[in-house]
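One structure is given here, and the rest of the page talks about it.
FYI, the numbering just counts along the sequence from 1. Heavy-atom basis, side chains included; hydrogens, waters and symmetry copies ignored.
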Amino acid sequence: MPLDAKRRLLADVAEAHGLLPLLRVGLSLPTLPPDPAISALTVASTPRDLFERWSRLERFTHSRHRVVVREAGATHLIAEHVGPPGSPPEPAEDALILGLLTALLGAIGVHGLTVALDPRDARVVFTDGVFTAPPPAHATALWRFAWSSIAPAVRPTGLAADVDVASQARRLLTGNLARRWTLGDLAAELGTSTRSLQRRLTAGGFTDLYGAARAEAAADLLMNTEHPLGIVGFACGYADQPHFTREFRRRTAITPAAYRSAFARRCERPPYGRSETEMGT
């Protein structure tokens with residue numbers, strides 16, 4: 001669906017039925033087929049981590065509207081949906097993105113979540129798992145998320161003396177490539193010190209292991225799916241499209257687009273061939 005047509009569809013839905021159906025769109029996420037972008041978002045460890053990942057996804061998909069975090073605390077976050085000067089998001093677009101982010105917060109284990117429009121008057125639109133439509137003409141671009149707790153992540157129990165450390169580290173990296181990993185982060189997840197981990201990694205160390213894990217995951221998606229290049233790059237943890245192209249070419253000697261052209265399997269695949277601008281509004 002072209003972007004202009006999608007905007008008209010959102011506007012038509014809002015005119016005919018109000019914003020409530022658009023707020024509820026995110027509730028369908030658990031029923032959708034596996035998607036690398038959604039998978040990368042739903043392994044975020046905190047709300048702030050989720051919003052940072054969402055921001056990077058917006059860069060990859062060249063979204064003209066962005067979600068900007070204005071304030072973040074231990075149990076709340078204030079964000080605003082903004083656009084270029086003179087072209088703010090429409091209320092229907094606000095509602096769609098707000099509904100998606102609310103659903104994603106629930107997916108990462110946020111409990112007791114409430115969402116209010118415009119923190120000054122705290123118009124609550126989500127509480128106890130239920131959306132409520134905002135009143136007509138109410139501002140829809142500024143959001144306050146508040147929660148009571150976050151489900152703790154399951155931590156590994158540490159390293160055994162005879163374990164293949166490189167394989168275990170690779171599994172951790174591959175399971176959450178969209179995380180901004182450091183050697184210290186990886187060592188903490190494995191329950192060891194950075195010095196010990198570095199000694200036990202294969203030649204090339206952490207940097208080579210991380211780069212190889214990203215490139216192999218990207219190659220698999222390029223060969224076996226039709227996800228847009230931006231979605232592949234985001235899901236595999238690259239900072240932006242130039243970083244994806246540069247690092248993938250360094251590993252494979254060709255660009256992601258050329259790799260897909262040369263090696264994509266021609267068997268029947270899911271219809272994921274959407275333009276990159278269709279993810280965000």
Side-chain angles (χ1 to χ4, degrees), residues 22-69 72 76-82 89 93-111 113 115 126 129 131 143 145-147 149-154 171-181 185 189 210 213-214 217-218 220-221 225-241 243-244 270 272 274-281:
L22 298 173
L23 287 167
R24 289 172 171 166
V25 164
L27 300 179
S28 67
L29 286 180
T31 69
L32 297 179
D35 179 277
I38 298 301
S39 296
L41 292 166
T42 53
V43 291
S45 58
T46 65
R48 187 59 189 266
D49 181 19
L50 171 65
F51 277 74
E52 288 174 352
R53 293 174 189 231
W54 183 270
S55 179
R56 188 153 45 85
L57 177 60
E58 289 173 329
R59 293 199 300 272
F60 264 106
T61 57
H62 309 291
S63 176
R64 71 191 188 287
H65 296 150
R66 304 293 173 94
V67 176
V68 179
V69 174
H76 80 281
L77 184 147
I78 296 174
E80 186 173 10
H81 196 207
V82 302
E93 295 170 307
D94 292 336
L96 178 66
I97 299 304
L98 177 57
L100 288 171
L101 288 170
T102 300
L104 288 168
L105 284 167
I108 69 169
V110 170
H111 297 301
L113 180 64
V115 183
F126 181 84
F131 279 106
W143 314 321
F145 303 88
W147 55 89
S149 63
I150 303 172
V154 177
R171 285 196 296 270
L172 277 173
L173 293 172
T174 303
N176 194 354
L177 282 173
R179 177 174 173 174
R180 315 308 294 162
W181 286 98
D185 294 335
E189 293 288 346
Y210 194 12
R214 280 174 163 171
D220 179 69
L221 288 172
T225 78
E226 294 181 355
H227 291 292
L229 297 184
I231 298 302
V232 173
F234 164 73
C236 295
Y238 295 97
D240 51 32
Q241 191 66 47
H243 183 227
F244 178 29
Y272 288 125
R274 298 173 295 168
S275 69
E276 294 186 8
T277 56
E278 290 181 18
M279 277 293 298
T281 60

>> Measuring only between side-chain heavy atoms, which start at C-beta, is Leu27 closer than 4.5 Å to Thr102?
In response: no
>> Using modelled atom types and a 3.5 Å cut-off, is there a donor and acceptor pairing between side-chain atoms of Ser28 and backbone atoms of Val25?
In response: yes
>> I'd like to check the side-chain hydrogen bond (donor to acceptor under 3.5 Å, both in side chains) partners of Asp49; sequence neighbours left out, ordered by chain and number.
In response: Ser45, Arg53
> What are the two closest non-hydrogen atoms of Thr174 and Ala213, and how far apart are they?
Replying inline: OG1-CB, 4.0 Å
> Does the side chain of Phe60 reach to within under 4.5 Å of the side chain of Val232, using non-hydrogen atoms?
Replying inline: no
> With sequence neighbours left out, what residues match His243 under ring-ring contact (aromatic ring centres under 6.0 Å, His included)?
Replying inline: Tyr238
>> Going by the rule side chain to side chain contact (heavy atoms under 4.5 Å, CB included), which residues pair with Ser149 if we only count those two or more places apart in sequence or in a different chain?
In response: His111
>> I'd like to check the side-chain hydrogen bond (donor to acceptor under 3.5 Å, both in side chains) partners of Arg66; sequence neighbours left out, ordered by chain and number.
In response: none
> What pairs with Glu80 under side-chain hydrogen bond (donor to acceptor under 3.5 Å, both in side chains), at least two apart in sequence or on another chain?
Replying inline: Arg70
> Among all residues two or more places apart in sequence or in another chain, which pass the side-chain hydrogen bond (donor to acceptor under 3.5 Å, both in side chains) test with His76?
Replying inline: Glu71
>> Minimum heavy-atom separation for Leu29 and Ala103, please, with both atom names.
In response: CD1-CB, 4.0 Å
> Atom CD in Glu52, atom OG1 in Thr46: separation rounded to 0.5 Å?
Replying inline: 7.0 Å
>> Is there a side chain to side chain contact (heavy atoms under 4.5 Å, CB included) between Val67 and Trp143? Walk through the geometry before answering.
In response: CA-CA 10 Å; Val67 176; Trp143 314 321; 4.2 Å; yes
> Looking only at heavy atoms, what is the nearest atom pair of Pro36 and His227, with distance?
Replying inline: CD-NE2, 3.1 Å
> Do you know the tightest heavy-atom contact between Ile38 and Asp35?
Replying inline: N-OD1, 3.1 Å
>> Holding to side chain to side chain contact (heavy atoms under 4.5 Å, CB included), I want the full list of residues that pass it with Arg180, two or more places apart in sequence or in another chain.
In response: Arg56, Arg214, Ala239
>> Measuring only between side-chain heavy atoms, which start at C-beta, is Phe145 closer than 4.5 Å to Pro47?
In response: no
>> Once side chain to side chain contact (heavy atoms under 4.5 Å, CB included) is applied, do any residues pair with Asp185, and if so which ones, sequence neighbours excluded?
In response: Arg179, Trp181, Thr182
>> With side-chain contact (heavy atoms from CB on, under 4.5 Å) as the test, pick out the partner of Leu50 among Leu105, Val110, Leu77.
In response: Leu105
>> So Leu104 and Trp54, do their side chains get closer than 4.5 Å, heavy atoms only?
In response: yes
> Is Leu221 close to Thr225 at the side-chain level, that is, under 4.5 Å between some pair of heavy atoms?
Replying inline: yes
> Mind checking whether His81 and Leu98 have side chains closer than 4.5 Å, heavy atoms only?
Replying inline: no
> Minimum heavy-atom separation for Ala235 to Ala40, with atom names?
Replying inline: CA-CB, 4.1 Å
>> Taking salt bridge (Lys or Arg N to Asp or Glu O under 4.0 Å) as the definition, give me every residue that meets it alongside Arg59, ordered by chain and number, with sequence neighbours left out.
In response: none
>> Quick one: does any side-chain atom of Ser55 pair with a main-chain N or O of Phe51 as donor and acceptor, under 3.5 Å?
In response: no
> Shortest non-hydrogen contact from Leu41 to Phe234?
Replying inline: CD2-CZ, 3.8 Å
